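Have a look at the structure below before the remarks.
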Amino acid sequence: MSGLATAWRAEWAKALAARDWLTWGLGIFVTATGVSALMGSLILSLAADDVSGTMHGQYAAQSVYASPLVLCYLMALAVGINVYARERRQASLPMAMLITPKRIHVILAKYALGLALGAWYGVAYVAGVLIGGGGTLLAHGQVAILTVPVIRTLAVIISLLALWCFFGVGLGMCLSVMPALLTGFTLALVFPAATSPLLSSSSWGRKIITLFPGVATNLSTDPEIGEFGVAWLPWWGSYAVLVLWVLITALLGARIVLNADIEVD
């Protein structure tokens, strides 16, 4: 356990020195504040003509609070990728492997750092949407109180950003082996509507697309506001799909690094 603790302290010290927690945290906070405020204004402009009730109360709050999620999970993904890629780019990875007795400890420490950074970004996100989106709704008389469904949505979003940062660490390890192939594969998974028009044009194809991590993330916050309107899985089912992708990528990334020939120059 001492080797794992040493690796964790080293990873955290590097993250503090690089100020990823601060710069990207502020970026996510500003993005969440601005996008949710704009979404709140849009909701208000549509609410007058809405007779279904989906533009009022907790439904409006859920929509507003989840609106910046795509931009912010991509930011968390980029940070996660950089956790491993930066050290490889700076040629400091071999030294990190030598300082820690077991290579698996370095890998686990990087994954733990990814989860911690992602959870911190989730807190920054929630603060941003409550200030931007919640403030906009309340200022115009909308009920943006924290009901149980709204609190669940916010809690899920925090965990989603933690998962995407963790996902990025695993992808960073995988990208070190086959960057071009895996970059294209990742884009196809994250942006399925743009890269898979054939799938999105049929009912069975839309169901397949909901198994992609990007869409599963959107459906995890609330199936009613899903990107493709296909809610054949409950929200926790979509969440489980994302977790499965993250775990598979993490195991593959760990396998690649454990078998990699890393030498000191």
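Computed from a predicted structure; not experimentally measured. We use all heavy atoms of the structure for the numbers below, so side chains are in, but hydrogens, waters and symmetry mates are not.
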Exercise for review: Might you work through the side chain to side chain contact (heavy atoms under 4.5 Å, CB included) test for His105 and Lys110, ending with a clear yes or no?
Suggested key: CA-CA 9 Å; His105 289 165; Lys110 289 186 181 298; over 6 Å; no

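Val169 places none of its side-chain heavy atoms less than 4.5 Å from the side chain of Leu115. A 4.5 Å side-chain heavy-atom check between Leu77 and Cys165 finds every atom pair outside the cut-off. Residues Tyr239 and Val156 have side chains in contact (heavy-atom distance under 4.5 Å, counting atoms from C-beta outward). Counting heavy atoms from C-beta outward, Met75 and Trp24 have side chains that approach closer than 4.5 Å. Side chains of Phe29 and Ile131 form a contact here, defined as non-hydrogen atoms less than 4.5 Å apart. Contact check for Ser41 versus Thr136: side-chain heavy atoms found under the 4.5 Å cut-off. Between Tyr111 and Val83, the closest side-chain pair of non-hydrogen atoms is not below 4.5 Å.
Of the possible polar contacts, one joining the Arg152 side chain to the Thr221 backbone as a donor-acceptor pair under 3.5 Å is found. With hydrogens and angles ignored, the 3.5 Å screen pairs no side-chain donor or acceptor of Ser238 with any backbone N or O of Ser220.
Nearest heavy atoms, Tyr65 versus Ile157: O-CD1, 3.9 Å. Across every non-hydrogen atom of Val64 and Leu137, the tightest pair is CG2-CD1, 4.1 Å. Nearest heavy-atom pair, Ala162 versus Ala119, reported as atom, atom and distance to 0.1 Å: CB-N, 3.6 Å. Considering every non-hydrogen atom in both Leu171 and Thr249, the closest pair reads N-CG2, 3.6 Å. The minimum heavy-atom distance between Ser67 and Ser36, with the atom names listed, is OG-CA, 3.8 Å. In terms of heavy-atom proximity, Trp245 sits nearest to Leu211 at NE1-O, 2.7 Å.
Judged purely by distance below 3.5 Å, without hydrogens or angles, the side chains of Thr217 and Trp164 pair a donor atom with an acceptor atom. Between the side chains of Tyr125 and Thr31, no donor N or O sits under 3.5 Å from an acceptor N or O.
The SG atom of Cys72 sits 6.5 Å away from the CG atom of Leu161 when rounded to the nearest 0.5 Å.
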